[in-house]
Amino acid sequence: MGCASSQAEGSDTQQSSGQQHQLGPSLGQQGAKYAVPVTDEHDRSQTQNESGSNGLSGTASCPPSTQATTTTATLQSDESFRLKKDAADAAALVHSTLDRITKLMQAFAGVKAERSTSLLLRRLLDLILTDVSATFACVQAFAPDGSMSLLVASVGSPEWSDKNRVQSLGKEGARQAAEVVWGNRQFLEWNAADGDDELFRLPSDWQLLLSTMPHLKRISAAPIFIAEELTGVLTIATNSSVQLPSSLVVWRSYMLLLAANIATRLKDSAILQHLGS
């Protein structure tokens with residue numbers, strides 16, 4: 001029996017030795033970080049975390065889908081903030097312009113009647129130039145058939161005024177701003193921000209104005225209506241350009257309101273009666 005026992009023990013020893021021999025090369029190939037055999041899911045997870053700490057500083061990377069979602073949310077948040085800011089800026093601009101218009105109308109009301117419509121409108125133009133820091137402004141009246149325009153009042157460029165006191169509209173080879181406004185019955189504008197190419201398409205009288213006042217950045221013309229009848233045009237030139245769409249809308253509204261107020265001064269004037277005779 002002692003021999004059998006000895007043989008059994010020897011067999012067990014050989015089996016144990018064989019198992020160790022089988023584990024030995026595997027551990028040797030995997031390296032020291034797998035010194036403890038992985039026997040269950042908990043140990044495997046812990047071992048992998050320890051392994052990751054060597055190469056990834058212990059931080060798991062986000063899946064690509066999660067990163068894309070985070071980026072999209074950030075962009076949407078930035079866009080929402082920008083839109084809200086633009087809306088707030090536009091509202092502030094409108095409020096400021098309405099406040100200026102109100103004060104300007106009050107100043108208009110304080111202008112005493114002059115002995116002529118031209119002198120009265122000149123005083124109004126002076127107020128406008130001061131309000132918007134403009135360098136040129138004029139009011140022209142149309143003949144009922146649109147065949148001509150008469151310069152009623154102007155401030156800022158005597159040379160231009162001398163050459164444009166009376167304009168014959170529809171004349172071949174000439175194209176004045178008043179003629180364009182008469183034809184389309186809409187707001188007309190040149191903005192330096194649009195580029196130099198636009199200079200070649202400017203009305204001839206605006207090209208003359210720019211030659212005498214090269215620092216100008218914007219020229220705008222608003223039609224003057226009495227009821228449904230187009231009776232004149234208000235032109236304002238400034239040294240500042242406007243690029244934002246919201247600013248352009250507010251500026252045009254500002255000029256159209258001024259034109260409507262000037263229309264009340266022209267309505268019963270002898271100038272329109274003379275042009276219509």
Gap between atom [atom2] of [Y] and atom [atom1] of [X] - 0.5 Å precision:
X: Trp182; Y: Leu188; atom1: CH2; atom2: CG; answer: 15.5 Å
X: Ile271; Y: Leu150; atom1: CD1; atom2: CG; answer: 6.5 Å
X: Leu208; Y: Lys163; atom1: CG; atom2: NZ; answer: 5.5 Å
X: Leu216; Y: Ile236; atom1: CG; atom2: CD1; answer: 12.5 Å
X: Leu202; Y: Ile219; atom1: CG; atom2: CD1; answer: 6.5 Å
X: Leu248; Y: Ser253; atom1: CG; atom2: OG; answer: 10.5 Å

Flag side-chain contact, heavy atom, 4.5 Å: [X] against [Y]:
X: Leu210; Y: Gln207; result: no
X: Val139; Y: Ile262; result: yes
X: Leu266; Y: Leu121; result: yes
X: Leu169; Y: Phe142; result: yes
X: Met213; Y: Ser157; result: yes

When you measure from the side chain of [X] to the backbone N and O of [Y], does any donor-acceptor pair fall under 3.5 Å?
X: Arg218; Y: Ala237; answer: no
X: Arg175; Y: Asp205; answer: no
X: Ser118; Y: Val152; answer: yes

Please step through side chain to side chain contact (heavy atoms under 4.5 Å, CB included) for the pair Met148 and Val166, ending with a clear verdict.
CA-CA 7 Å; Met148 64 174 291; Val166 178; 3.5 Å; yes
[X] to [Y] - nearest heavy-atom pair and separation:
X: His215; Y: Asn239; value: CD2-OD1, 2.7 Å
X: Ser149; Y: Gln140; value: OG-NE2, 3.5 Å
X: Trp206; Y: Ala221; value: CZ2-CB, 3.8 Å
X: Pro203; Y: Ala177; value: CB-N, 3.3 Å
X: Leu230; Y: Val181; value: CD2-O, 3.8 Å
X: Lys267; Y: Ile226; value: CA-CD1, 3.6 Å

Test side chain to side chain donor-acceptor pair (under 3.5 Å) on Ser204 and Gln176 and set out the steps.
CA-CA 5 Å; Ser204 59; Gln176 289 106 347; 4.6 Å; no
Membership question, hydrophobic clusters at under 4.5 Å side-chain separation (ILVMFWY): are Trp190 and Leu256 in the same one?
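No, no single cluster joins them.
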Restricting to side-chain hydrogen bond (donor to acceptor under 3.5 Å, both in side chains), what partner residues turn up for Arg165, sequence neighbours left out?
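For Arg165 the side-chain hydrogen bond (donor to acceptor under 3.5 Å, both in side chains) partners, ignoring immediate neighbours, are Asp162.
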side-chain hydrogen bond (donor to acceptor under 3.5 Å, both in side chains) partners for Ser220, two or more places apart
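Expected list: Glu189, Trp251.
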Please name all residues satisfying ring-ring contact (aromatic ring centres under 6.0 Å, His included) with Phe136, sequence neighbours left out, ordered by chain then number.
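Scan of Phe136 (ring-ring contact (aromatic ring centres under 6.0 Å, His included), adjacent residues dropped) gives Trp160.
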Could you tell me whether the side chains of Glu159 and Thr212 share a donor-acceptor contact shorter than 3.5 Å?
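No, because no side-chain N or O of Glu159 sits under 3.5 Å from a partner of the opposite role on Thr212.
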Qualifying residue, where the test is side-chain contact (heavy atoms from CB on, under 4.5 Å) with Met255 and the options are Leu234, Thr235, Val132, Val250:
Leu234
Do Leu151 and Cys138 pass the side chain to side chain contact (heavy atoms under 4.5 Å, CB included) test, and can you show the C-alpha distance, the side-chain angles, and the key distance before you say yes or no?
CA-CA 7 Å; Leu151 184 63; Cys138 73; 3.8 Å; yes
